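Nothing here was measured: the structure is a model prediction, and the numbers come from that model.
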Amino acid sequence: MRHSMRNSPTSQKMSITGGYKLLAPIYRQIAEHRGYFQKEAELLEDAFNLSNIPKGAKILDAACGTGDVACILHYKGYKVYASDGSMDMLKQWNGDTSHIRRQLCDWTKLNQVFNKFGLFDAVYMLCNSIAHASPETIRDKILKRVFSGLRKGGIFVF
């Protein structure tokens, strides 16, 4: 998806994920400073508990960024998979993350993830991942794909 700023002095086309080239190296520092990762993982675990999604359930972080929340959930006992549309963000993963299968894929092409890894008990997208998209893209390319990749009784958290 592209966004253009016409008639502006800095007029240029810019992809949504292209902005992460600049943000990726400092993203973790900003989020850790504000305590985001732990808070997001706690919020997700509450949603899973309320929806009877048990530990060991198959979960997809569909906008995983640096992978920090996915790692927290893995260590809490969930079987976590991850995808992101920015290679720059995926490169920021650190530590032993070999236990989490991940794939470069933006949220408009999640069918590729489902074809590779199968159905999920829960899919989540944190922060403002899909806020960048048009209503048509959200409806036709994101929501339809997410719901096609959920097992019966599965949940989508965003």
I'd like to check L43 versus V157 (side-chain heavy atoms, cut-off strictly below 4.5 Å). Are they in contact?
no

Given side chains that start at C-beta, do those of L150 and I155 come closer than 4.5 Å, heavy atoms only?
no

Mind listing the closest non-hydrogen atom pair of Q112 and C105 along with its distance?
OE1-SG, 3.8 Å

How far does CD1 of I142 sit from CD of E136, to the nearest 0.5 angstrom?
11.5 Å

Would you mind listing every salt bridge (charged side-chain N to carboxylate O under 4.0 Å, His left out) that reaches into residues 42-51, with sequence neighbours excluded?
E45-K55, E45-K76

Do T66 and F37 have side-chain heavy atoms sitting under 4.5 Å apart?
yes

Would Y75 end up clustered with F48 when hydrophobic side chains under 4.5 Å apart are linked, directly or stepwise?
no

Quick one: does any side-chain atom of W93 pair with a main-chain N or O of G65 as donor and acceptor, under 3.5 Å?
yes

Grab the two heavy atoms, one from S83 and one from V113, that are nearest each other, plus how far apart they are.
CB-CG2, 3.9 Å

Just do the side chain to side chain contact (heavy atoms under 4.5 Å, CB included) check on L60 and V146 with the steps written out, would you?
CA-CA 10 Å; L60 173 65; V146 166; over 6 Å; no

Checking side-chain polar atoms at under 3.5 Å, does T108 have a donor or acceptor matched by the opposite partner on D106?
yes

Inter-residue atom distance M89.CE - K91.NZ, 0.5 Å rounding
13.0 Å

Consider only side-chain heavy atoms of I, L, V, M, F, W and Y, link residues closer than 4.5 Å, and tell whether I100 and M87 are in one cluster.
yes

Can you check whether C64's main-chain N or O pairs, donor with acceptor, with D84's side chain at less than 3.5 Å?
yes

Partners of Y78 by side-chain hydrogen bond (donor to acceptor under 3.5 Å, both in side chains), sequence neighbours excluded?
none

Can you check whether Y81 reaches Q103 side chain to side chain, under 4.5 Å on heavy atoms?
no

With R151, which residues qualify under side-chain hydrogen bond (donor to acceptor under 3.5 Å, both in side chains), at least two apart?
D121

If you compare all heavy atoms of R145 against all heavy atoms of L110, which two are closest, and at what distance to 0.1 Å?
CD-N, 3.9 Å

Contact check, side chains of L73 and D61, non-hydrogen atoms, under 4.5 Å
no

Heavy atoms, side chains only, cut-off 4.5 Å: are Y124 and V69 in contact?
yes

Determine the minimum heavy-atom distance between A62 and V123, stating which atoms define it.
CB-CG1, 3.9 Å

So NZ of K109 and CG of L104: to nearest 0.5 Å the spacing works out to 9.5 Å

Are F158 and F147 connected into the same hydrophobic cluster when the rule is that any two of I, L, V, M, F, W, Y join if their side-chain heavy atoms are below 4.5 Å apart?
yes

Determine whether I59 and I53 make a side-chain contact, defined as any pair of heavy atoms from C-beta on separated by less than 4.5 Å.
yes

